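As structure tokens, the structure follows; a few thoughts come after it.
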Amino acid sequence: MSILVYIEQAEGNVKKTSLEAVSFANALAAQTGEGDVVAVALGTIGQKELAAIGKAGAAKVLHGADSKLDAGVIQAHASAVAQAFNLIGAKTLVLAKSSLGDAVAARLAIKLNAGLVSNVVELPKTDAGFVVKRSIYTGKAFAETTVTTDNKILAIKKNAIDLKQDGPDAKVESFDVAISDSDFVSKITATERATGDILLPEADIVVSGGRGLKGPENWGMVEEMAKTLGAATACSKPVSDLGWRPHHEHVGQTGIKVAPTLYIAIGISGAIQHLAGVNSSKCIVVINKDPDAPFFKAADYGIVGDAFEVVPKLNEAFKAEL
Amino acid sequence: MKILVCITHVPDTTSKIQFTADNTKFDTTGVQYIIGPYDDYALARAVELRDQASGKLTVLNVGEADSDPTLRKALAIGADEAIRVNSVPKDSYFVAQQIAHYAKEGAYDLILMGRESIDFNGGMVHGMVGELLGIPSFSPVMKLDIDGSTVKMVREIEGGKEMLEASLPLIAGCQEPIAEWKIPNMRGIMSARTKPLNVVESVSQETQAEASKYELPPAKGSVKLIDKDNVTELVKLLKNEAKVF
Ligand SMILES: Cc1cc2nc3c(=O)[nH]c(=O)nc-3n(C[C@H](O)[C@H](O)[C@H](O)COP(=O)(O)OP(=O)(O)OC[C@H]3O[C@@H](n4cnc5c(N)ncnc54)[C@H](O)[C@@H]3O)c2cc1C
């Protein structure tokens with residue numbers, strides 16, 4: 001019996017978060033002796049890119065190449081993944097938590113009569129029942145969740161597991177997806193992506209600015225730091241509400257939740273709603289001129305100082321080191 | 001047009017999260033409950049759409065009697081009637097079944113809810129209800145307009161957005177900036193008292209994945225402060241101690 005992993009792609013490139021899901025499935029298969037890992041990838045993706053999914057731990061990739069599946073039409077993807085699940089007789093489906101992943105997984109929970117756990121942060125305990133640890137209260141706590149169904153779906157939180165990178169290439173097989181018109185009752189008419197940038201939800205390093213930066217004209221130094229570090233840029237909610245930065249950069253309770261290795265917060269107070277979206281970061285650096293800013297309580301490293309003085313100096317120091 | 005908005009009854013965003021009874025129960029001491037912030041966006045947009053189309057707007061919550069003030073608030077914001085499915089919301093699957101049952105009975109054209117609750121953050125209920133009812137589901141939706149029978153939406157995707165079209169009936173999990181939150185006014189609060197809040201029993205007890213035990217993250221060590229005139233020290237620490245690059 002194999003574990004199935006749903007692979008997400010953007011313009012033909014497999015998402016890193018999906019490779020993390022493959023590594024998670026690989027470790028789970030080793031733990032339970034559940035057989036190997038089969039990935040299902042949909043839409044136009046190159047053979048090399050598909051075979052490379054093996055590095056993360058998949059033995060085989062089922063490729064549903066129909067270009068109608070390039071765009072992530074939720075119902076169509078749910079239907080295709082259900083077909084792959086049944087085809088290989090899987091009992092467990094693993095995927096990355098994401099805006100498409102969540103939407104697809106929820107429909108699959110019903111289609112496959114599978115208990116679904118989202119925001120999974122570590123491998124399940126499988127010695128007595130199937131107990132999964134997930135993040136709740138927007139990162140402020142964890143819950144152990146007991147899954148009681150035979151079929152199971154796990155949506156993995158970013159950075160919850162180390163990415164395996166030493167596997168052999170996967171065998172790629174084509175997979176005939178039975179596509180019905182009813183899966184395409186909705187139509188994606190256009191897509192707009194932030195171009196050339198590192199995507200915020202997947203970034204390993206995030207440089208974020210708050211209202212302390214005073215205005216959009218001062219973002220140059222934030223972007224410069226992000227460029228030096230290979231990081232994505234983000235902001236607090238008032239900054240996007242004021243239109244200084246695009247909405248999709250706003251992190252927090254009501255914005256995007258990120259879990260990078262390094263989060264650098266510049267001129268952000270650290271209100272609880274902001275922390276809720278960033279508190280899963282492995283390391284937090286705070287630059288704020290107010291020594292009593294609440295963010296310092298959540299930070300690993302901090303500099304008390306004026307951003308306009310500290311950030312340019314820090315940019316020079318990063319450039320010298322990297 | 002008949003609109004259903006599903007709302008969660010959740011601890012206020014600033015609540016201190018703690019557990020009791022050997023970490024098996026959420027500690028409600030001193031916790032204030034609110035309409036889920038994402039549900040607030042759904043409700044605000046639903047009020048606007050109902051006003052445009054002169055339809056009827058129902059709010060639904062799966063919860064016990066302590067949810068009633070939250071439902072009254074939704075009525076004060078503009079919903080016409082409320083349904084409370086009298087049961088502890090055990091897991092997403094359980095909640096989705098209740099919603100699907102009442103949604104089918106009410107034959108709603110549009111079902112809106114928040115993209116996720118802020119307690120369990122599952123983000124699954126809209127998709128489950130969609131599949132149970134055999135209608136499309138979309139999330140996270142940041143814009144939704146109805147043009148005849150066509151619904152035009154903007155959905156957030158990682159690092160961008162997607163423009164979509166579909167037909168009613170459908171379900172959307174909402175987030176900002178779909179509408180500005182609405183604050184109840186005096187007239188709304190007064191009229192909410194006389195609007196119907198119907199309590200019904202749950203239709204099934206089935207669950208798939210229930211939380212059994214809770215845990216808090218390990219306490220954060222104290223911050224290491226670095227002098228603002230010595231920023232190279234920070235770079236060294238990030239490299240050698242935190243090993244982030
Ligand atoms: C239901 C709800 C949901 C919310 N969701 C979110 C969310 O998702 N994300 C979010 O971010 N917020 C959210 N908020 C808002 C949140 O409560 C705060 O208002 C917000 O995070 C504050 O943003 P800020 O820190 O950029 O601005 P401010 O609170 O204005 O803080 C600016 C900080 O910059 C510092 N500063 C000023 N000048 C300088 C300088 N020259 N150099 C260095 N530091 C300087 C100040 O000391 C201050 O600490 C939400 C609020 C509510 C009620």
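When reading the values below, keep in mind they use all heavy atoms of this one structure, side chains included, and skip hydrogens, waters and symmetry mates. Throughout, a chain's letter reflects where its sequence line sits, starting with A, and its residues are numbered from 1. On a predicted model such as this, the values are computed, not experimentally measured, just so you know.
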Between [options], who has the most heavy-atom pairs with chain B when the cutoff is under 4.5 Å?
| options | value |
| --- | --- |
| A:K111, A:H248, A:Q273 | A:K111 |
| A:E8, A:E202, A:K257 | A:K257 |
| A:I303, A:V185, A:D183 | A:I303 |
| A:H247, A:E321, A:K297, A:H250 | A:H247 |
| A:D102, A:T254, A:V104 | A:T254 |

Can you tell which part of [X] gets under 4.5 Å to a heavy atom of chain B, answering side chain, backbone, both or neither?
| X | value |
| --- | --- |
| A:I205 | side chain |
| A:E192 | both |
| A:A299 | both |
| A:L108 | neither |
| A:A298 | backbone |
| A:E316 | neither |
| A:V285 | side chain |
| A:L200 | neither |
| A:I287 | neither |
| A:A276 | neither |
| A:I136 | both |
| A:D241 | side chain |
| A:A232 | neither |
| A:D300 | both |

Exercise for review: Verify the distance criterion only: is there a donor paired with an acceptor across the side chains of B:Q98 and B:S202 at less than 3.5 Å?
Suggested key: no
Exercise for review: Report yes or no: do B:S212 and A:E144 form a side-chain donor-acceptor pair below 3.5 Å?
Suggested key: no
Using a 4.5 angstrom heavy-atom cutoff, name the option from [options] with the most pairs to chain A.
| options | result |
| --- | --- |
| B:V129, B:V151, B:V154, B:V231 | B:V231 |
| B:E156, B:Q175, B:M153 | B:E156 |
| B:D119, B:V235, B:D227 | B:D119 |
| B:T232, B:L216, B:T14 | B:T14 |
| B:S15, B:G221, B:G114, B:S222 | B:S15 |
| B:G123, B:S117, B:P37, B:G130 | B:G130 |

Under 4.0 Å between a side-chain nitrogen and a carboxylate oxygen: does that hold for [X] and [Y]?
| X | Y | value |
| --- | --- | --- |
| A:K237 | B:E176 | yes |
| B:E158 | A:R193 | no |
| B:D145 | B:R45 | yes |
| B:K182 | B:E48 | yes |

Revision key, fill the gap. From the list B:I99, B:L112, B:I135, side-chain contact (heavy atoms from CB on, under 4.5 Å) partner of B:I171 resolves to B:I135
Could you check whether the rings of [X] and [Y] sit parallel, tilted or perpendicular, using 30° and 60° as the cut-offs?
| X | Y | answer |
| --- | --- | --- |
| B:Y38 | B:Y41 | tilted |
| A:Y263 | A:H274 | tilted |
| B:F120 | A:Y137 | tilted |

Please state whether the side chain, the backbone, both or neither of [X] comes within less than 4.5 Å of a heavy atom of chain A.
| X | result |
| --- | --- |
| B:K152 | neither |
| B:Y93 | side chain |
| B:F19 | side chain |
| B:S139 | backbone |
| B:L225 | both |
| B:I17 | side chain |
| B:E116 | side chain |
| B:K220 | side chain |

Just verifying a value: how many Å separate [X] [atom1] and [Y] [atom2], rounded to the nearest 0.5 Å?
| X | Y | atom1 | atom2 | value |
| --- | --- | --- | --- | --- |
| A:N119 | A:R134 | CG | CZ | 8.0 Å |
| B:C174 | B:M142 | SG | CE | 12.0 Å |
| A:I188 | A:I74 | CD1 | CD1 | 7.5 Å |

Review point. Judged by atom type as modelled, is there a donor-acceptor pair below 3.5 Å linking the side chain of B:N23 to the main-chain atoms of B:E215?
Key: no
Review point. Quick one: does B:C6's side chain get under 4.5 Å of B:I111's, heavy atoms only?
Key: yes
Review point. So do the side chains of B:R155 and A:L100 get within less than 4.5 Å of each other, counting heavy atoms only?
Key: yes
Exercise for review: Find out whether the Lys NZ or Arg CZ of A:K133 is both under 6.0 angstrom from the six-membered ring centre of A:F142 and within 45° of the ring's axis.
Suggested key: yes
Point to revise | Cation-pi check, A:K152 onto A:F130 ring (under 6.0 Å, within 45° of axis) | key: yes
Point to revise | Closest heavy-atom pair and its distance - B:V95, B:P89 | key: CG2-CB, 3.6 Å
